[in-house]
2 protein chains.
Amino acid sequence: MCKNHHQHDAVTAAKISPEGASRRKFIQSSSAVGAGIMLSGLVPSLSSAAPVSSKPGQNIKSKGYAAFDESGVLKPWEFERRPVGDDDILIDIKFASICHSDIHQMKGHWAPQQYPQVPGHEIVGVVAAVGKNVTKFKVGDRAGVGCMVDGCSDCDTSENRGEQYSPKTKFTYGHPDERAPTGITQGGYATNIVVRDHFAVHIPEAISFEEAAPLLCAGVTTYSPILKFDLKPGDKVGVAGIGGLGHLAVKLAVAKGADVYAFTTTPDKVNDIKGFGAKEVIVLEDNDKLNEYRGQLDYMINTLPVAYDVAAYAAVVKPFGTYTQVGMPNGFTVSVNALALSASQVNFNASLIGDMQETQEIVDYCVEHNIRPEIQVIPASDVNKAWESVVNKTARYRYVIDSSTI
Amino acid sequence: MCKNHHQHDAVTAAKISPEGASRRKFIQSSSAVGAGIMLSGLVPSLSSAAPVSSKPGQNIKSKGYAAFDESGVLKPWEFERRPVGDDDILIDIKFASICHSDIHQMKGHWAPQQYPQVPGHEIVGVVAAVGKNVTKFKVGDRAGVGCMVDGCSDCDTSENRGEQYSPKTKFTYGHPDERAPTGITQGGYATNIVVRDHFAVHIPEAISFEEAAPLLCAGVTTYSPILKFDLKPGDKVGVAGIGGLGHLAVKLAVAKGADVYAFTTTPDKVNDIKGFGAKEVIVLEDNDKLNEYRGQLDYMINTLPVAYDVAAYAAVVKPFGTYTQVGMPNGFTVSVNALALSASQVNFNASLIGDMQETQEIVDYCVEHNIRPEIQVIPASDVNKAWESVVNKTARYRYVIDSSTI
């Protein structure tokens, strides 16, 4: 652990300028109409990175594992974070887990990146410092951080939801950030992190740090659309892609009382998935098998982080039902056979993580219902090997980096 | 007109075998899970064509304009249709209008085709013969045919809806048909057509044949999803792509009391579209203009028959609203930026024409509300030139072929 990083007293960084924006305004003014525009809004890219500005003597020293180019090979790296602002907290990271998104972004699958860049957006640890305005946390609290670390000044108002779709929101790594010494946000494969208090959640004592970490992206990403679907006991819910996200989707839907139909391409996951409570596990060698389930499910969530034929999967849902994409493939692009989608009469939508209220909810829900992700704790030095396992589908089901090994 | 084609007395063709299927069964058993499977179900292709079987002395002679290869160049062609079966009617065609789908299919954009093939699925004329079981029509009735010409034996039951999604349904041209002398159905750029009675609708005297024709595909294709959306007066409805389908969508939504926002890439259509009753006409040079309307509309229908960025358009709809694709591009494939779709929080679906009940409804609705398509009547010899105009966006707005010129 990195006690020497508690240089948090000099909390003099510029305050975030007040820019009020309701949720509706967020959505209406968001830059996300066209894909190109979208990318500049939600996906950090090299071209839009803020200039590097260093503030000697005030920054927080950190160590992490960073990618240095599009090979995505991670190596130890020492860097600095911005000082703890009035609304910020400093977290000494205990664990950070590995999300497929980390790999996509570091390898430039979504947009060109600035390097070095530290990935990681499933982060848990202990609060080591708080800014003068912070009341949500105190030093010593257990805290978690997901995909967002900063936003507009009215983040804290209770009616403010949907932070993930706000153009003001800064994502956890690679996001242009004029206050960051490296010019971009740096993620959680590291010893510590500075985040705005609103973007951290409380981690109850009843759940271990390492088991809480995957809830902060994988958990909320699957929980949020399931919440919106308003799943009822006995509903037939499909989950496609049983990896880090999918295995949590299965557990969450089961906890909500659904009959879960899990679709996987990996035969040796079947027993695991039944153990998670799935009513049925369907091993797909190709899309033909989907035909047997045509029009049968009340709802389906697809976690595949690769391109695939959306309409073939969506057709498993009953006519006029809903099918939600949460995995984000290269370029974020999925293709849809419009004719097949019409024949299914299914509504297709997509969902990005969840908002901060939902992020706290998923943690509390898992504590209350004794839901835990399946994890493998690894030392930081194994991270490149672990990434290979994620891509090769041999991860079972979430790797969690022990930050004391960084 | 083709009085010499009334050779309909020898009604001895095999009866359609009885195969009961409810609408739900249609949908559940439909072949449309994967695009490949879908194509074999809904889109006729060369490889799945039935063998040609000729029944000398019983067939109906016809003349039409056919494509002979993927160039899609149409030339006069004489061919035979199957005899009039017990449940069939023979229609002397008066007019047939030109749909962009005709062009796509003849040019092999959707699937390989059998040639010669006569396109045309917006067909009106006079009933010239009826099979012995037919009570719906009598000789001399005004009748219309859209995209479907045959189906399973229980088509006529009142609870049977959604014929367009049934694997038993035969589409109007290029569909494998064991009873057709050419092995495939042949469409309406012709002097006559034989269809099962269920798949023809009544054309009231109050509308001209030539104005009724475009309602049978363009009309019902836009009417069906608008019906399902349950549009209320004052709703803000978007229509993108103001061609044959889109101009009818504008008129229909206006008739339903909506404030219509029409999106076009063709500046010189603006005055026309305002004349159709649109509240606002937005000329799109690129997708940036869409941003100004982000999250504002209650519903949107997109008629573009080409590939485009779905999420950019869908974002114009309010969060949790619905966006419907009715145009069918090459390969039926549209691409969706899943990240942008997530940010819009809009549901995306697609709709294929409409069922037979809706087809009759759209005709009656347009008569009742005095809605007429904008048409240009042409002689059959101008059909290739007209196709060029459709592709080049200079059609205003539906070409209708005068069948007496064939």
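Predicted, not measured: the structure shown is a model, and the values here were computed from it. Every chain is numbered from 1 and lettered A, B, ... according to where its sequence line falls, protein lines coming before strand lines.
In this structure, chain A has a heavy atom under 4.5 Å from the backbone of B:S351, while its side chain stays farther away. Contacts of A:V336 with chain B are made by both backbone and side-chain atoms, with heavy-atom separations under 4.5 Å. Within the 4.5 angstrom heavy-atom criterion, atoms from both the backbone and the side chain of B:V334 approach chain A.
Between the CG atom in B:L339 and the CD atom in A:Q325 there is a gap of 11.5 Å [rounded to 0.5 Å].
Each of A:V310, A:L341, A:N347 was evaluated against B:F348; a single residue qualifies, A:L341, per the side-chain contact (heavy atoms from CB on, under 4.5 Å) test.
The two residues B:S335 and A:T333 make their nearest non-hydrogen contact at CB-CG2, 3.8 Å. Closest non-hydrogen pair, A:A338 versus B:A350, comes out as O-CB, 3.3 Å.
A:Y165 places a side-chain N or O within 3.5 Å of a backbone atom of B:S342 that can act as its donor or acceptor partner.
A 4.5 Å side-chain heavy-atom check between B:Q345 and A:N349 finds every atom pair outside the cut-off.
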